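To start, the structure under review is shown below, and the notes come after it.
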Number of protein chains: 2
Amino acid sequence: MRLLPHPAMEDVELTEVLRALSDPIRLEVVVRLATDGETTCGKLGEDLGIHKSTASHHLRTLRESGLVFTKQDGRLKYMSLRRDELDDRFPGLLDAILSAARQDTRAGAHA
Amino acid sequence: MRLLPHPAMEDVELTEVLRALSDPIRLEVVVRLATDGETTCGKLGEDLGIHKSTASHHLRTLRESGLVFTKQDGRLKYMSLRRDELDDRFPGLLDAILSAARQDTRAGAHA
DNA sequence: CGCATAGTTTGATGGTTGTCAAACCATGCG
DNA sequence: CGCATGGTTTGACAACCATCAAACTATGCG
C-alpha cells in the first residue's frame with residue numbers, strides 16, 4: 001500500500017484545475033469519482049472506451065493538477081477525488097462544477 | 001449602438017467555459033470585468049501589457065465560450081460579463097471561480 | 001472625402017495537447 | 001525464477017493554441 005507523489009494543495013493553481021477539467025473525458029472522470037468513489041485506471045479505460053495509455057495520461061493530468069489522489073495497492077492504483085482539500089483551498093468550486101456537469105449531462109449533449 | 005452575435009446560453013458548454021477560464025490572462029480579464037464592470041478591448045491590452053491582436057483573440061474566445069457580452073458603441077466595443085445568464089445556466093459556478101481567483105491572486109502567484 | 005482610431009484578420013512561429021500503438025516497468029502469483 | 005497483469009513511457013501524428021506583427025476593416029470626426 002504505497003503512496004505516490006502529489007502536489008501540495010497550496011501549490012495547486014486555479015488555472016491548472018480549470019484546464020484539467022476543460023477536457024470532456026477528464027470532467028467525466030471527476031464526476032464518476034465524485035459519484036462512485038474511487039476507481040482504477042483500467043476500469044476507467046474500459047468504461048470510457050479509450051486506450052489504457054490515454055486513460056493513464058488523463059489520470060496523470062488530474063493528479064498533477066491536484067484534483068485526484070492516487071493510492072497503490074498491489075498491482076492496482078486507486079484514484080479518488082481530493083474533495084476535502086479542494087473544498088478547503090477553493091471553497092464551493094468543486095461543488096459548483098460538479099452540479100454544472102451533472103446538469104449539463106442530463107440536459108443532453110449540445111452537439 | 002450595435003449588437004454582435006453571441007451564443008445562446010443553452011448552447012454554452014461547461015467544458016468550453018472552463019477552457020476559456022483556464023488561461024491566466026482570460027481569467028484575469030473576467031475578474032476585472034466582474035470587479036470594474038465593462039471595459040474595452042484597447043484598455044485591456046494596455047492594462048495587461050499584451051498586443052492588441054492578442055487581446056482581441058482572448059476576447060473572442062471569451063465571447064464564443066459564452067462568458068462575455070460585446071456591445072458596440074461608435075468605434076468602441078464594450079465587453080461585459082454575462083453574469084445573470086451564467087448564474088442561471090450554471091448556478092454558483094461563476095461566483096466560486098471568481099472568489100477562488102481573487103483569493104489565488106491575493107495569496108501571491110505560486111510560481 | 002481624407003484621416004485617425006479601435007478592433008479584426010491573417011500569417012508565421014514555437015509550444016502544447018489528445019490519441020493510439022508498442023515497448024517498457026513493476027507487482028504479485030505459482 | 002518466470003509469467004501474467006495493471007500502468008507508465010515513448011514515439012509519432014494531427015490538431016490546436018498563444019503570441020506578435022503587419023495588413024486590413026470599420027467607424028466617426030473634420
Side-chain angles (χ1 to χ4, degrees), chain A residues 1-7 13-30 32-33 38-65 67-80 109, chain B residues 1-7 13-30 32-33 38-65 67-80 109:
Chain A
M1 189 78 86
R2 226 147 318 155
L3 267 61
L4 278 74
H6 294 84
E13 298 215 33
L14 177 60
T15 50
E16 287 305 302
V17 170
L18 298 178
R19 202 188 60 78
L21 294 173
S22 72
D23 181 276
I25 288 189
R26 287 193 294 260
L27 182 61
E28 173 68 23
V29 169
V30 167
R32 279 169 189 245
L33 288 177
E38 64 187 13
T39 186
T40 70
C41 180
K43 178 140 188 359
L44 274 181
E46 279 181 35
D47 288 0
L48 301 178
I50 56 178
H51 198 277
K52 66 173 181 171
S53 63
T54 304
S56 176
H57 159 67
H58 285 309
L59 285 167
R60 177 215 271 254
T61 301
L62 287 170
R63 180 172 357 104
E64 290 178 348
S65 76
L67 277 161
V68 318
F69 177 80
T70 308
K71 176 188 63 177
Q72 180 158 9
D73 184 9
R75 263 174 296 191
L76 298 180
K77 284 186 175 173
Y78 291 94
M79 318 286 178
S80 56
Chain B
M1 189 78 87
R2 226 149 318 156
L3 266 60
L4 277 74
H6 294 84
E13 298 215 34
L14 177 59
T15 50
E16 286 306 303
V17 170
L18 297 178
R19 202 190 62 76
L21 293 173
S22 73
D23 180 277
I25 287 188
R26 285 192 295 258
L27 183 60
E28 173 68 23
V29 169
V30 167
R32 280 170 189 244
L33 287 178
E38 63 187 12
T39 186
T40 69
C41 180
K43 179 144 187 357
L44 275 180
E46 277 181 38
D47 288 1
L48 302 176
I50 57 178
H51 198 277
K52 66 175 181 170
S53 63
T54 304
S56 176
H57 160 68
H58 284 310
L59 285 168
R60 176 215 273 255
T61 301
L62 287 171
R63 183 175 354 109
E64 290 178 347
S65 76
L67 277 161
V68 318
F69 177 79
T70 308
K71 176 188 62 174
Q72 181 158 9
D73 184 9
R75 264 173 296 190
L76 298 179
K77 284 186 176 173
Y78 290 94
M79 319 286 179
S80 56

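From a predicted model like this one, the values you see are computed outputs, not experimental measurements. Just so it is clear: chains get the letters A, B, ... in the order the sequence lines come, proteins before strands, and each one is counted from 1. Both backbone and side-chain heavy atoms feed into the values below; hydrogens, waters and symmetry mates do not.
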Without decimals, in angstroms, what is the distance between [X] [atom1] and [N] [atom2]?
X: L59(B); N: dG7(C); atom1: CG; atom2: C1'; value: 10 Å
X: Q72(A); N: dG7(D); atom1: CD; atom2: P; value: 9 Å
X: D73(A); N: dA26(C); atom1: CG; atom2: P; value: 18 Å
X: I50(A); N: dT17(C); atom1: CD1; atom2: P; value: 17 Å
X: K71(A); N: dT27(C); atom1: NZ; atom2: C1'; value: 17 Å
X: L44(A); N: dG7(D); atom1: CG; atom2: C1'; value: 13 Å
X: L62(A); N: dT17(C); atom1: CG; atom2: P; value: 13 Å
X: H51(B); N: dA23(D); atom1: NE2; atom2: P; value: 12 Å

Taking all heavy atoms of L27(B) and all of L14(A), pick out the closest pair and write down the distance. CD2-CD2, 3.8 Å
Shortest non-hydrogen separation from V68(B) to L33(B) and the atoms involved: CG1-CD1, 3.8 Å
Judged by nearest nucleotide, the residue sitting upstream toward the 5' end of DNA chain D, R63(A) or R75(A), is R75(A)
Residues in side-chain contact (heavy atoms from CB on, under 4.5 Å) with S65(B), at least two apart? A20(B), L67(B)
By side chain to side chain donor-acceptor pair (under 3.5 Å), which residues pair with [X], not counting sequence neighbours?
X: T61(A); answer: none
X: R26(B); answer: H58(B)
X: H51(A); answer: S53(A)

Identify, residue by residue, the members of residues 16-29 of chain B with a heavy atom below 4.0 Å from DNA chain C, and return them in order of residue number, or none. none
In Å, rounded to the nearest 0.5 Å, how long is the span from CE of M79(B) to CG of L44(B)? 7.5 Å
May I ask you to verify if any side-chain N or O of K77(A) is less than 4.0 angstrom from the OP1 or OP2 atom of dT8(D)? yes
Indicate whether OP1 or OP2 belonging to dT19(D) is found under 4.0 Å from a side-chain N or O atom of H58(B). yes
How would you label the contact of T40(A) with the nucleic acid (heavy atoms, under 4.0 Å): base, sugar-phosphate, or nothing? sugar-phosphate
Provide the full list of salt bridge (charged side-chain N to carboxylate O under 4.0 Å, His left out) pairs with a residue in residues 45-63 of chain B, sequence neighbours left out, each pair given once. R32(B)-D47(B), K43(B)-D47(B), R60(B)-E64(B)
Pairs: protein N or O with nucleotides 9-15 of chain D N or O, under 3.5 Å:
residue	atom	partner	partner atom	Å
dT9(D)	OP2	R60(A)	NH2	2.7

Suppose we screen for ring pair (Phe, Tyr, Trp, His ring centres under 6.0 Å). Which residues come up paired with F69(B), at least two apart in sequence or across chains? H6(B)
